[in-house]
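Below is one structure, written out as structure tokens; the observations come after it.
All ligand and atom numbering here is 1-based and tracks the order in the structure.
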Amino acid sequence: MSVMEMSHRGKHFTRIYQETVADLRELLSVPDDFAILFMQGGGSGQNALVPLNLIARKPARKADYILSGHWSNKSYKEAQRYGDIAIAASSGDEIVVDGARQDPWTWYPTPDLWRVRPDASYLHLCSNETIGGLEFADWPEMRELGAPDVPLVVDASSHILSRPIDFSKASVIYAGAQKNAGIAGVTMVFVRKDLLGHALPECPSVLNYQPVAENDSMFNTPPTYAIYIAGLVFKWIKAHGGIAAMEELNCRKAELLYSYLDSSKLYVSRVHPASRSRMNVPFFLRDETLNAEFLAQSEAANLLQLKGHKAVGGMRASIYNAMPLEGVEALISFLQDFERRHG
Ligand SMILES: *Cc1c(COP(=O)(O)O)cnc(C)c1O
């Protein structure tokens, strides 16, 4: 019998579920005061569920957002319908960093630039901008920002399980499974337990963190097969040395690729070095008339899905946990070969 046929309340699936949660808790050292929820609706669903569950924590119904690219902008827009939503910081402007001009959405606003309202119900951050290729994992203490009672909410969809998470800094962390934890259909949500129980009355029960937490994600039928696959991925990560080993490998992969791009005369990475993502590496050919030829030849060499998102253009290599070092080496040797022929 396959997992797809089993009752989610039967003893077989219950065991799969419990092991999956325990492995995830162990891998990320999730403290006991955090509930782990498996929900549906994806990372995008959380853009609505975060305000639905948290904005009424304080009567002013305010929430602040850090805008750093495509995904944080989507979160910010979705939240608008639930309260008084403000921008705490944005990298949507061109600025000069370290004496060099930095394009919009190619840098992360550092915490010294954040303006957080102390009566906001939460502050939202996307810690890895998948499309722009930016990562920000050194989260500040909200106390240091003069907002001790503003919990930090983080969309970590595209770098969860690639590095440790500091649960002393963030209060809610969410991530769709499909980038580093398996197949689409399930979203992991880590919620500090004291934040449960503040949902707006119109929040559907199946999407309300509190009943979902109280029922071990089985308030209704959870996406059992996606949970089963995530459980297998967690076991794979454990067998390969856990999060520390993932992080070490991801650093090696990213360093190899960025250092080649920086040494090249044909390709360029436009993201500020301090904000470069280990997971998503956008790059451009300085001569963009070569784009079509580059994509045709890379595909012929079995290097697939290198075309950048239409919002950014150029190329993008997504090198999630599942991409081995050999895959990055193969990409670099193709890039070198193409440069030799066109440089
Ligand atoms: C992919 C992604 C999402 C969207 O996930 P869905 O499951 O498609 O809703 C949200 N945030 C980030 C940072 C992502 O990379």
Side-chain angles (χ1 to χ4, degrees), residues 28 37-54 63 65-81 85 89-92 105-109 122-137 139 152-163 165 170 172-191 204 206-207 209 212 217 222-223 225-227 229-230 233 246 250 254 271 275-282 305-312 316-323:
L28 287 172
L37 317 180
F38 287 95
M39 300 185 75
Q40 302 190 51
S44 306
Q46 292 299 319
N47 289 341
L49 298 190
V50 165
L52 273 165
N53 278 282
L54 297 178
Y65 280 69
I66 311 288
L67 303 189
S68 48
H70 179 91
W71 287 111
S72 50
N73 273 280
K74 281 188 96 163
S75 303
Y76 168 69
K77 279 202 191 86
E78 183 75 12
Q80 304 280 323
R81 47 175 100 177
I85 310 299
S90 169
S91 62
W105 313 121
T106 62
W107 52 284
Y108 254 102
Y122 63 87
L123 172 69
H124 182 280
L125 168 77
C126 174
S127 53
N128 189 73
E129 285 282 3
T130 323
I131 291 172
L134 304 143
E135 187 166 11
F136 177 73
W139 308 331
L152 180 64
V153 175
V154 178
D155 176 1
S157 290
S158 49
H159 70 165
I160 188 107
L161 299 163
S162 73
R163 60 188 304 151
I165 288 180
V172 176
I173 295 150
Y174 63 87
Q178 67 267 33
K179 279 133 190 163
N180 264 339
I183 59 173
V186 67
T187 312
M188 297 163 280
V189 187
F190 307 86
V191 194
V206 292
L207 304 175
Y209 293 160
V212 174
S217 303
Y225 199 72
I227 291 172
I229 298 288
V233 172
M246 290 296 123
N250 287 322
V271 174
S275 301
R276 287 172 171 179
S277 168
R278 295 172 184 167
M279 296 281 99
N280 310 98
V281 184
Q305 308 221 342
L306 286 173
K307 190 172 182 186
H309 190 277
K310 61 183 186 308
V312 173
R316 177 175 51 153
S318 284
I319 49 175
Y320 295 119
N321 280 356
M323 174 61 69

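- For ligand 1, the atoms closer than 4.0 angstrom to any heavy atom of D155 are 10 (C), 11 (N), 12 (C), 13 (C).
- The proximity of K179 to ligand 1, defined as any non-hydrogen pair under 4.0 Å, is limited to the side chain.
- Side-chain contact check for V271 versus V281: every heavy-atom pair is 4.5 Å or farther apart.
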Quiz prompt | Stepwise side-chain hydrogen bond (donor to acceptor under 3.5 Å, both in side chains) check, S127 with H159 | solution = CA-CA 8 Å; S127 53; H159 70 165; 2.7 Å; yes
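- Within the 4.5 Å cutoff, the side chain of V186 has no heavy atoms near those of the I229 side chain.
- Contact annotation: for C126 versus ligand 1, heavy atoms closer than 4.0 Å belong to the side chain alone.
- Close approach of ligand 1 to S158 is summarised as follows: ligand atoms under 4.0 Å from at least one heavy atom of the residue are 13 (C), 15 (O).
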Practice problem: Let me see the working for Y174 and N47 under side-chain contact (heavy atoms from CB on, under 4.5 Å), right down to the final yes or no. | Solution: CA-CA 10 Å; Y174 63 87; N47 289 341; 3.0 Å; yes
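- Within ligand 1, the atoms closer than 4.0 Å to a non-hydrogen atom of G43 are 5 (O), 6 (P), 7 (O), 9 (O), numbered from 1 in the order shown.
- Distances below 4.0 Å separate heavy atoms of N128 from the following atoms of ligand 1: 13 (C).
- Applying the 4.0 Å criterion to heavy atoms of T130 picks out, from ligand 1, the atoms 12 (C), 13 (C), 14 (C), 15 (O).
- Within the 4.0 Å heavy-atom shell around ligand 1 one finds S157.
- In this structure, N53 has no side chain to side chain donor-acceptor pair (under 3.5 Å) partners at least two apart in sequence or on a different chain.
- A salt bridge (charged side-chain N to carboxylate O under 4.0 Å, His left out) check over residues 125-135, counting only residues at least two apart or in different chains, returns the pairs E135-R163.
- Contacts with ligand 1 closer than 4.0 Å are made by no heavy atom of T187, backbone or side chain.
- At least one heavy atom of Q178 sits less than 4.0 Å from an atom of ligand 1.
- Those atoms of ligand 1 that come under 4.0 Å of a heavy atom in G42, given as number and element, are 7 (O), 9 (O).
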